[in-house]
2 protein chains.
Amino acid sequence: MSTIMPNEPQNPLWRSPVTAADRLLLEIQRTIVEGEIESGSKISEPELARQFNVSRAPLREALARLERCHLIERTPNAGARVVKLSREGLCALYQIREELEGLACRLAAENMDDAEIQQVQELLNQHLDTQRVREGESYYQEAGDLDFHYRIILGSKNPYLINMLCDELYFLVRMYRVQLGMNGPRVSRAFDEHKAIINAIANRDGELADLLMRRHIAASRGNIELKLQQLGK
Amino acid sequence: MSTIMPNEPQNPLWRSPVTAADRLLLEIQRTIVEGEIESGSKISEPELARQFNVSRAPLREALARLERCHLIERTPNAGARVVKLSREGLCALYQIREELEGLACRLAAENMDDAEIQQVQELLNQHLDTQRVREGESYYQEAGDLDFHYRIILGSKNPYLINMLCDELYFLVRMYRVQLGMNGPRVSRAFDEHKAIINAIANRDGELADLLMRRHIAASRGNIELKLQQLGK
DNA sequence: ATCCGAATTATTGTCGACAATTTACAAAAG
DNA sequence: CTTTTGTAAATTGTCGACAATAATTCGGAT
């Protein structure tokens, strides 16, 4: 099955949850991304601490990391609020994504070895099978898409790039996608675009992979932008 | 005089130090960047807490933010170590810088209004004067260069981009520059490159500004890379 | 003498309580 | 009735102590 998250313990946000703060982070991340806490709502430290049966110390550690991945916004002596999704925010976020994932493609074309590339290609074939089985089911597509992007990013072998994209930006990306979804025709097109990107990387054509990835992300942004507009901004 | 740091309280890392954790962050940041704590050395929480006359709570908050800007590396149940400067780290860092500051230039060419652009041009003239006065003095160049880059980044008006560059990456950039310096001929060239970049932005030629900024950063990297090699890797 | 293991020590993670600041509310003045 | 101001409640920031985990040291066996 798809891995969704890379296994390497190289980044402090995705290490196996050994400490209470780690577990809290994962839990609250999921809660916010899935929209179980309303966007823009205030976060009460005492309440959350009671809710999760922990002290405020590990909770504050978790909140610090949540701020790091842009899921909450804190103001001194005033507390934290869940981030609000907006058109401007989406565009600003995807501008960065285009740039950084484009770079990731160029680097991946240089630095991924043949075995890694082949693994991604096999992964895509698996995804295509599961997609055939469950037509239009958005969750698997969601997971599969993220999985693909993660592999390319990791393939860049640039630790800062990996950290910025996987640890800091992608939770917000997931939040947009989970709450605003990805609908019908876009799903199957995304697969073809993935195929084209990894093929360009396999041909060591970083420039092409860069271009294709930028278009892929721009298309994805347009899709979400549409949904945002439909739901009344 | 040069501002060095943007005044807006928009980012949580540079807000006016109202809390003990804020003061700690600024102090320890300076200490690490200036090299007063040796690269790679372990950070003892009890010792630092005693040294700054604070409890470990605000100190840990500060450490969390130090990790965020890549100045320390923490491992669970093992503590934090000051980051080590290396050729690979420098290249990985500047790869990101090239990409993101290139993007910042394109966005700045779109989003900076004429008044802001003129301010930057006046700033450069001021820097040129002070440079004439104090030939080869690297500190002012350092501050002036950073000031210039900050203005362009803020001019992009993209909050995520501003946050990533100003809050997360630039302290490490400063660390490389402070500890490895910027020497003679490069200093005056940097001024000309700055001039060319802001002129391209004034002409609303984002593509050119992007290209020039990438070259500017690549040249700066080459300069530091050389110093690193001289000092025995 | 060297290597391995257990006990000791030190450090990190977590807890509950207190202090400082902000927010909410209510009463009084305009 | 609106605005202002002072008080009270709640929340955040900080502290010192305890628990859990990792590093160190010392002793013993090979």
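Lettering of chains follows the sequences in order, A, B, ..., and the numbering in each one begins at 1.
Distance, B/R56 CZ to C/dT14 P: 11 Å, rounded to whole Å. A/R50 has its CZ atom 17 Å from the C1' atom of C/dC15, to the nearest Å. For A/E45 and D/dT14, the CD to P distance is 12 Å, given to the nearest whole Å. Note: CZ (B/R74) to C1' (C/dT12) measures 9 Å, nearest angstrom. Here the P atom of nucleotide D/dG13 and the CZ atom of B/R60 are 16 Å apart, to the nearest Å. Atom P of nucleotide D/dT14 and atom CZ of B/R23 are separated by 7 Å, given to the nearest angstrom. Atoms CD (B/E61) and P (D/dC15) sit 13 Å apart, rounded to a whole Å. B/D22 has its CG atom 16 Å from the P atom of D/dT12, to the nearest Å.
Within the 4.5 Å cutoff, side-chain heavy atoms of B/M164 are placed close to those of A/E168.
Of the listed nucleotides (D/dT11, C/dC15, D/dC15), D/dC15 has the atom at the smallest distance from the side chain of B/V54. Listed candidates were D/dT12, C/dC15, D/dT21. Nearest to the side chain of B/N77 is D/dT21.
Of the side-chain N and O atoms in B/K42, none sit less than 4.0 angstrom from OP1 or OP2 of D/dA22. For C/dT12, the OP1/OP2 oxygens have no side-chain nitrogen or oxygen of A/T19 closer than 4.0 Å.
Under a 3.5 Å cut-off, the side chain of B/R74 and the backbone N or O of B/A80 do not form any donor-acceptor pair.
The structure places CD1 of B/I72 at 12.5 Å from CZ of B/R65, a figure rounded to the nearest 0.5 Å.
Using modelled atom types, one finds a donor on one side chain and an acceptor on the other under 3.5 Å when comparing A/D145 with A/H194.
Within the 4.0 angstrom heavy-atom criterion, only backbone atoms of the sugar-phosphate kind lie near B/A20; the bases stay farther away. The residue B/I43 sits close only to the backbone: its heavy atoms come under 4.0 Å of sugar-phosphate atoms, none of a base. Using a 4.0 Å heavy-atom distance criterion, A/L63 is classed as making no nucleic acid contact.
The residue among A/P58 and A/A78 whose nearest nucleotide of DNA chain C lies closer to the 5′ end is A/P58.
Cation-pi geometry between B/R174 and B/F171 is not met at under 6.0 angstrom from the ring centre and within 45 degrees of the axis.
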